[in-house]
Amino acid sequence: IKIMYFVSVMHVTFLNPPQTNSKYKFLGVVAPSLGIGYMAAVLEQNGYDVDVLDAPALELTYDEIGEEIIKRNPDIVSISALTPTIGVALDSADKIKQVKPDTIVVLGGYHPTFEFKSVLAEESVDIVVRGEGEYTLLDLVQTIENGGDLKEVQGLAFYEDDKLILTPDRPVIKDLDELPFPAFHLFPME
């Protein structure tokens, strides 16, 4: 990962990837991602420019995701993935790298946490956040923004000079009440 120093506030886009075969689509229900809501709120609370691209709610295709990434012009895109959605998450990462190759693509969620080696084998994924993402992602964004060393950020997996770097686990959040209310205002709630 090549880390650059950013002069302006970093822009982070959270992507909830398309879920064409999801239970929500089958049941006709779409709900905002609670995890994304919390992570976005923590970044927002710390002064970062954040938005959410909720592909299932907006029924976006991969090409439309690419168009939105070009329009939003994020420095970092964070994609959440479970095992049933890892395929669409990786396809989304590929589309992001096609349209904006310099964007840092971060994957988090249950699947990347436990299968970080296979996820990082994909060229379109730069960093995996392992475990709870709220403060790991904040630390990651601050470190990138300041040109720091990613090896100092707990809870990451990434490659540096073709060597897998696995940083120490971040302790779980003991008091969930310290988290800000999820940033649901960033979702297309209609």
Side-chain angles (χ1 to χ4, degrees), residues 1-6 9-17 32-53 74-86 88-90 92-93 96-97 102-183 186:
I1 301 293
K2 182 180 176 189
I3 303 299
M4 300 172 277
Y5 180 76
F6 286 81
V9 172
M10 294 190 72
H11 178 105
V12 179
T13 294
F14 287 91
L15 173 62
N16 190 13
S33 166
L34 191 59
I36 289 174
Y38 275 119
M39 289 183 291
V42 168
L43 288 180
E44 229 180 17
Q45 185 178 57
N46 284 274
Y48 288 100
D49 182 22
V50 179
D51 62 38
V52 173
L53 182 54
D75 301 299
I76 296 173
V77 175
S78 176
I79 305 172
S80 294
L82 305 171
T83 299
T85 62
I86 191 64
V88 292
L90 293 174
S92 298
I96 291 161
K97 287 294 190 176
D102 291 339
T103 301
I104 298 169
V105 175
V106 178
L107 251 68
Y110 295 119
H111 189 93
T113 291
F114 298 107
E115 292 293 327
F116 55 86
K117 286 182 186 175
S118 64
V119 171
L120 287 170
E122 302 292 327
E123 282 187 35
S124 57
V125 179
D126 298 305
I127 302 168
V128 165
V129 169
R130 299 178 298 107
E132 295 176 343
E134 289 82 3
Y135 293 114
T136 301
L137 196 62
L138 173 63
D139 197 3
L140 169 66
V141 171
Q142 290 172 333
T143 300
I144 291 172
E145 181 180 48
N146 296 317
D149 186 353
L150 291 180
K151 289 182 273 207
E152 301 296 319
V153 178
Q154 295 175 324
L156 297 182
F158 59 94
Y159 276 97
E160 185 176 88
D161 300 324
D162 296 327
K163 180 183 176 200
L164 177 64
I165 306 295
L166 195 63
T167 65
D169 293 342
R170 180 173 299 274
V172 296
I173 301 168
K174 291 190 186 332
D175 180 10
L176 295 177
D177 289 335
E178 75 183 40
L179 291 171
F181 191 76
L186 298 175

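For the numbers below, each heavy atom of this structure counts, side chains included, while hydrogens, waters and symmetry mates do not. These figures come from a predicted structure and were not determined experimentally.
Side-chain contact of Tyr48 with Glu145: a donor-acceptor pair under 3.5 Å is present, judged by distance alone.
Applying the side-chain hydrogen bond (donor to acceptor under 3.5 Å, both in side chains) test to Ser124 and every residue at least two apart in sequence or in another chain returns Asp94. With sequence neighbours left out, the side-chain contact (heavy atoms from CB on, under 4.5 Å) criterion links Thr13 to His11, Asp51, Leu53, Ile69, Arg72, Pro74, Val77. Under the side-chain hydrogen bond (donor to acceptor under 3.5 Å, both in side chains) criterion, Thr167 pairs with no residue at all, not counting sequence neighbours. Scored by the salt bridge (charged side-chain N to carboxylate O under 4.0 Å, His left out) test, Asp169 finds Arg130 as partners (sequence neighbours excluded). By the side-chain contact (heavy atoms from CB on, under 4.5 Å) test, Ser78 is found to be paired with Phe14, Leu137, residues two or more places apart in sequence or in another chain being considered. Asp149 meets the side-chain contact (heavy atoms from CB on, under 4.5 Å) test with Lys151, Glu152; sequence neighbours excluded. In this view, Thr83 and His111 satisfy the side-chain hydrogen bond (donor to acceptor under 3.5 Å, both in side chains) rule, not counting sequence neighbours. Scored by the side-chain hydrogen bond (donor to acceptor under 3.5 Å, both in side chains) test, Arg170 finds Thr136, Asp139 as partners (sequence neighbours excluded).
In this structure the side chain of Ile86 reaches within 4.5 angstrom of the side chain of Val119, judged on heavy atoms. Counting heavy atoms from C-beta on, the side chains of Gln142 and Leu138 come closer than 4.5 Å. With a 4.5 Å cut-off on side-chain heavy atoms, Leu156 and Val128 do not count as touching. Under the 4.5 Å side-chain criterion, counting only non-hydrogen atoms from C-beta, Ile104 is in contact with Ile144. The closest side-chain heavy-atom distance from Phe116 to Leu107 is not below 4.5 Å.
Nearest heavy atoms, Asp126 versus Phe158: O-CB, 3.6 Å. Residues Ala89 and Ser80 share a closest heavy-atom pair of CB-O, 4.4 Å. Contact record, Asn46 with Val42: ND2-O, 2.8 Å, taken as the closest heavy-atom pair.
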So Val125 and Leu90, side chain to side chain contact (heavy atoms under 4.5 Å, CB included) or not? Walk me through it. CA-CA 8 Å; Val125 179; Leu90 293 174; 3.7 Å; yes
Between Val106 and Leu140, does the side chain to side chain contact (heavy atoms under 4.5 Å, CB included) criterion hold? Intermediate values first, please. CA-CA 10 Å; Val106 178; Leu140 169 66; 3.8 Å; yes
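For the atom pair CG of Asn16 and OG1 of Thr85, the computed distance is 8.0 Å after rounding to the nearest 0.5 Å. For the atom pair Ile79 CD1 and Ile96 CD1, the distance stands at 4.0 Å (nearest 0.5 Å). Rounded to the nearest 0.5 Å, atoms CG (Leu150) and OG1 (Thr143) are 6.5 Å apart. One finds the CD1 atom of Ile127 at 7.0 Å from the CD1 atom of Ile76 (value rounded to the nearest 0.5 Å).
Pairs of residues two or more places apart, or lying in two chains, never qualify as salt bridge (Lys or Arg N to Asp or Glu O under 4.0 Å) while including a residue from residues 110-125.
Salt bridge Lys97/Asp102: absent, no basic N to carboxylate O contact under 4.0 Å.
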